[in-house]
Structures are given as C-alpha cells and as structure tokens.
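We use all heavy atoms of the structure for the numbers below, so side chains are in, but hydrogens, waters and symmetry mates are not.
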Amino acid sequence: MIRLRNVSKIYPSGTVALKNVSLHIRPGEFVSIVGQSGTGKSTLAKLLFAELRPTKGEVIIGGWDVGCIRSWEIPLLRRQIGVVFQDFKLLPRKTVAENVAFALQVAGVGMRRLKEVVPQVLNIVNLAEKADRYPRQLSGGEQQRVAIARALAHRPKMIVADEPTGNLDAIHTQEIIHLLKKINLFGTTIVLVTHNRDVVNALRKRVVTLDHGEVVSDEEEGRYRL
Amino acid sequence: MITLLRVVRFAFQHVGRSFWLALITVSLLALTLLTINAILALSAAAQSVTRSIEERVDVSLYFQTGVPEETVQQAAGYLRGLPQVRNVEIVTPEEALERFEERHEKDDTVLASVRMLETNPFGYALVVRTRSASDFAFLREAADHPQFRPFIRETDMADYGPVLERLSQTTDRARAFGLGLSGLFLLISILIIFNTVRIAIFIHREEIAVMRLVGAAGWFIRAPYFIEAVLLSAVATVLAAAVVFPVLLLLQPKLDLFFASTPAKILPYFLENGWTIFGLEFVGLALVSVLSAAFAMRRHLRV
C-alpha cells in the first residue's frame with residue numbers, strides 16, 4: 001500500500017517540485033503518472049523508493065514513512081521495490097546474468113537461491129538464452145528487459161518504472177509495456193512514470209496527471225490529457 | 001559469512017581495477033614505513049653504541065704503596081654502596097705488576113727498570129664502573145672522599161662524557177630530521193589514500209548507484225573501501241619488511257667492521273623485535289588509512 005498525504009517537495013534551490021500531492025495506490029494496481037517535463041513526475045518516483053524525502057507531508061510505503069525512515073532501513077525498503085530507469089543502469093562489465101545476480105549478491109542472498117532466482121527472472125523477461133551476453137551486445141529493448149529482470153530479482157511488491165521506454169523505439173516500447181502488464185498480472189504493483197501518450201492511452205489503466213507539481217486529475221482507466 | 005566474502009571480493013576487485021593507482025599508493029606507504037624504520041635503525045644503533053661506551057666508563061683509583069688491604073676494602077665497600085656504581089674491582093699490587101708487565105711486554109727498557117727495583121712499586125688499585133655515563137661527574141667527586149684521600153696516589157678517569165654527548169646530539173638531530181620526514185611522508189600517504197578512495201568511488205560510481213537502488217546496505221557499500229585501505233597497508237608493511245631485512249643483512253657485517261669496538265647491533269634488534277615493529281607499523285598505517293578512507297567516503301560517497 002502506498003499513501004501520499006499532502007506531500008510537497010521543495011529543493012534547496014527553492015524549486016517547488018511537488019505541491020500538496022495526495023495519492024493512494026492499492027496493492028496490485030497499475031498506475032501511470034503522466035505530465036510534461038518538469039512537472040514533478042520523477043520527484044514523485046524518487047519519493048517512492050526513498051531517494052528523496054518529502055519537505056512536507058507523509059509518504060507511506062508498506063509500513064515505512066519515507067519522511068522519517070532511518071538510513072539503515074532504506075535498503076530494506078528498496079528490496080521491496082524494483083526500480084527501472086530510462087537509461088537502464090546496467091553494469092557494462094557484467095553479463096546479463098551477473099547484472100541480475102548482482103542485485104541479490106549485494107543483499108546477501110546465498111548462492112543456492114541466487115542460482116535458482118536468476119534463470120527464473122530471465123525466463124520471465126524472455127532473455128534466458130542471452131544470459132551470458134554483455135549489455136553492449138543487446139538491443140535497447142533487451143537491455144531494459146534485463147533491468148526489469150534485475151528489478152524482479154527480489155520479488156518486489158512494487159515496481160517503479162521512471163520513463164522506461166524513453167530511449168526505445170515503438171516496437172521495443174510495446175515489448176516493455178507488455179512485460180510490465182504481465183508482471184502486474186502476477187500481483188506486483190506497477191507505478192509507470194511516462195510522458196508517452198500512446199503508451200498511456202493503450203494501457204487503459206489508472207492515470208494520475210501532474211501539472212506544475214500538483215495532481216490535476218486521477219482517473220481509473222484514464223487517458224493522457226495534456 | 002557469504003556477505004563478508006563478497007565484501008572482500010569487491011575490495012580485491014577495486015584494487016584490480018585501479019592497479020596502478022594501488023601500486024603508487026602502496027609505494028608511498030612503504031616509503032613512509034621505510035623512513036620510520038630508518039629512524040628505528042638509527043635509534044637501535046645509537047642505543048647499542050651508547051651502551052657499549054657506557055660499559056667502558058670507569059675510574060681507576062691508585063693507592064699509595066704500603067696502604068693496607070683493609071683500607072682498600074673499606075674504600076671499595078663505600079663505593080659499592082653508592083647506587084650509581086655498577087661494580088668495583090680490587091686490583092692487588094701483584095696483579096697491577098702483572099698487568100703492567102703484560103702491557104709493556106715488548107718494551108724491554110721499561111721492564112728492565114721495573115725489575116731493577118727490588119720491591120713491587122705498585123700499590124692497590126680500585127677500578128670503579130658506573131651505571132651510566134652521566135654518573136661520571138658524581139663518581140669523580142665521590143672518589144675524592146676525605147677519609148681515603150690521603151691514601152690515594154693518583155686518579156685516572158677515562159671520560160667518555162663528551163663522546164657520548166656528541167653521539168646523543170647527532171642522534172637526536174638525525175632522529176628529528178627522520179621524524180619530520182616521516183611526518184611529511186605520512187601526510188602525503190593520507191592524501192594519497194584519500195585520493196585513491198576518491199578515485200575508486202568515481203570509478204565505481206555506476207556500481208554504487210546500482211547497489212543503492214537494489215537495496216545494498218550502507219556498510220556493504222562502504223566496507224570494500226575500508227578493506228582496500230587495510231589491504232594496501234598490509235602490502236606496504238610486507239614490502240617495507242622485505243626491503244628492511246635484506247638491507248640490514250647486507251649492512252650489518254659492514255657496520256660490525258666499521259664500529260669494531262662499539263658494535264651497532266641493528267639487525268639483531270630487528271630480528272628480535274621484528275613482529276612487534278612491523279605489527280605496530282601495520283596497525284598504525286591501517287588506522288591512518290581507514291580514517292583517511294572514511295573521510296574520503298564522507299565527502300564523496302552517498303549511500
């Protein structure tokens with residue numbers, strides 16, 4: 001369960017990124033956060049995985065309040081949230097399998113479990129046969145699928161995808177959205193931050209629209225309206 | 001356990017990926033240790049030479065001929081009671097004559113003139129050794145006791161005080177210079193470690209970002225840098241030891257020849273205290289490196 005109550009985020013420079021945002025996302029939902037550049041979409045995403053703390057208001061993720069979470073608790077929170085970015089953030093010197101395994105290794109997961117989970121998640125993203133390739137040997141869409149596989153490694157309750165299709169062509173974009181929908185069907189909450197009109201309109205899922213840091217609309221089965 | 005092994009593996013990866021940087025860091029750290037060891041060697045040599053000279057500081061009191069043994073024994077007893085006195089040797093007239101003849105065995109004229117005398121021209125003598133060269137002046141005064149003064153013909157004092165003072169001054173100056181140099185090297189080492197960690201953080205920035213995203217604990221991200229600092233300190237210590245011992249093995253015979261009468265025992269000192277010396281140097285260096293790494297992480301690593 002994710003709940004934002006009157007959340008504002010003001011950067012030290014004085015820029016107001018979010019203004020009194022209130023939002024409730026239920027477990028298993030697929031929510032698109034849309035809006036033009038600079039409307040606070042990425043700030044909202046960063047609040048969800050505790051990369052930022054709100055200036056005002058409450059951000060409740062699971063049992064944690066991001067506003068007053070202790071620094072040693074942040075890794076525990078992040079192990080329950082998978083994060084996917086536009087630039088993939090893969091390690092170029094590691095193979096596909098090693099990139100996925102890395103997420104488990106740094107969390108202290110044992111070798112046996114690691115050998116079990118890595119092929120499983122690579123199967124989900126349909127990259128099992130490319131496990132030994134390096135990111136540079138993959139297409140953009142495939143690299144994003146590796147990033148999603150890595151995000152899935154901890155079996156997260158939620159995936160926050162910040163512009164995951166921003167660097168992809170139409171075909172690969174469809175692939176990624178299809179994959180996110182598939183993951184959502186397993187019960188994982190998906191928060192998709194995007195400004196891709198076609199993607200949002202095709203999804204027919206909940207759409208939260210931000211404008212100048214404020215929620216201007218929140219619709220079940222919404223459309224991109226800006 | 002598995003997490004600890006991974007942290008250690010990451011630390012080795014850090015060293016491997018910035019090998020040349022690690023090599024420069026280790027060289028600087030080893031240079032610092034070599035300077036410190038040079039000071040230690042100098043101190044050991046100075047201590048050894050000083051001890052050897054101090055053992056020779058003595059005062060010989062020559063009694064008039066015919067002074068009874070009882071008086072000489074009283075004087076010896078008085079001197080033995082002084083805390084500054086290490087030992088008192090009584091030389092009988094017969095022994096004195098024997099020693100004189102031995103000393104002048106090649107000088108027939110001197111021997112003949114002594115033999116011309118029908119009686120032993122030597123009286124009793126006391127050879128007094130002090131505990132430290134600094135007690136020399138005190139002993140000179142003590143030997144001039146009014147009770148025994150009329151019986152004493154001559155006092156012979158081998159004064160090594162100025163020699164020891166010069167040695168001490170030179171050693172102190174060299175030690176101060178060495179300490180200054182060590183301090184400078186230590187400062188450079190701190191900066192080098194700081195920079196090494198800073199560069200390592202920069203090299204691994206992508207990895208660190210991913211680690212944070214996937215929920216690596218803060219200590220898990222920081223620990224490899226600390227281990228790297230300790231690792232570099234350990235290699236530098238081993239390197240310093242690997243230079244110090246062979247150099248001393250080569251140097252000691254030459255020192256023995258040079259200081260034939262006052263041996264500068266540096267190698268035995270290092271062989272006897274090697275584990276303590278290099279153990280403490282490692283602990284000190286590792287502490288400095290870890291603090292420097294912590295400072296670098298505080299400034300440049302966000303976890």
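- Interface residues of residues 82-111 of chain A toward chain B, defined by a heavy-atom distance below 4.5 Å and sorted by number: A:Val83, A:Phe85, A:Lys89, A:Leu91, A:Pro92, A:Arg93, A:Phe102, A:Ala103, A:Leu104, A:Gln105, A:Val106, A:Gly108, A:Val109, A:Gly110, A:Met111.
- No more than 12 heavy atoms of other residues, nucleotides or ligands lie within 6.0 Å of NZ in A:Lys115, so this atom counts as exposed by the packing criterion.
- The contact between A:Glu51 and chain B is made by backbone and side chain atoms together, counting heavy-atom distances below 4.5 Å.
- Around CZ of B:Phe12, the count of heavy atoms belonging to other residues, nucleotides or ligands within 6.0 Å does not exceed 12.
- Enclosure of atom NE2 in A:His172 by more than 12 non-hydrogen atoms of other residues, nucleotides or ligands within 6.0 angstrom is indicated.
- For residues 118-133 of chain A, a heavy-atom distance under 4.5 Å to chain B picks out no residue at all.
- Around atom CZ of B:Arg299, no more than 12 heavy atoms belonging to other residues, nucleotides or ligands sit under 6.0 Å away.
- Shortest non-hydrogen contact noted between B:Gly218 and A:Pro75 is N-CG, 4.4 Å.
- In this structure a side-chain-to-backbone donor-acceptor pair under 3.5 Å is present from A:Arg78 to B:Arg212.
- Side chain of A:Arg79 to main chain of B:Gly215: a donor-acceptor pair is present (N/O by atom type, distance under 3.5 Å, no hydrogens or angles).
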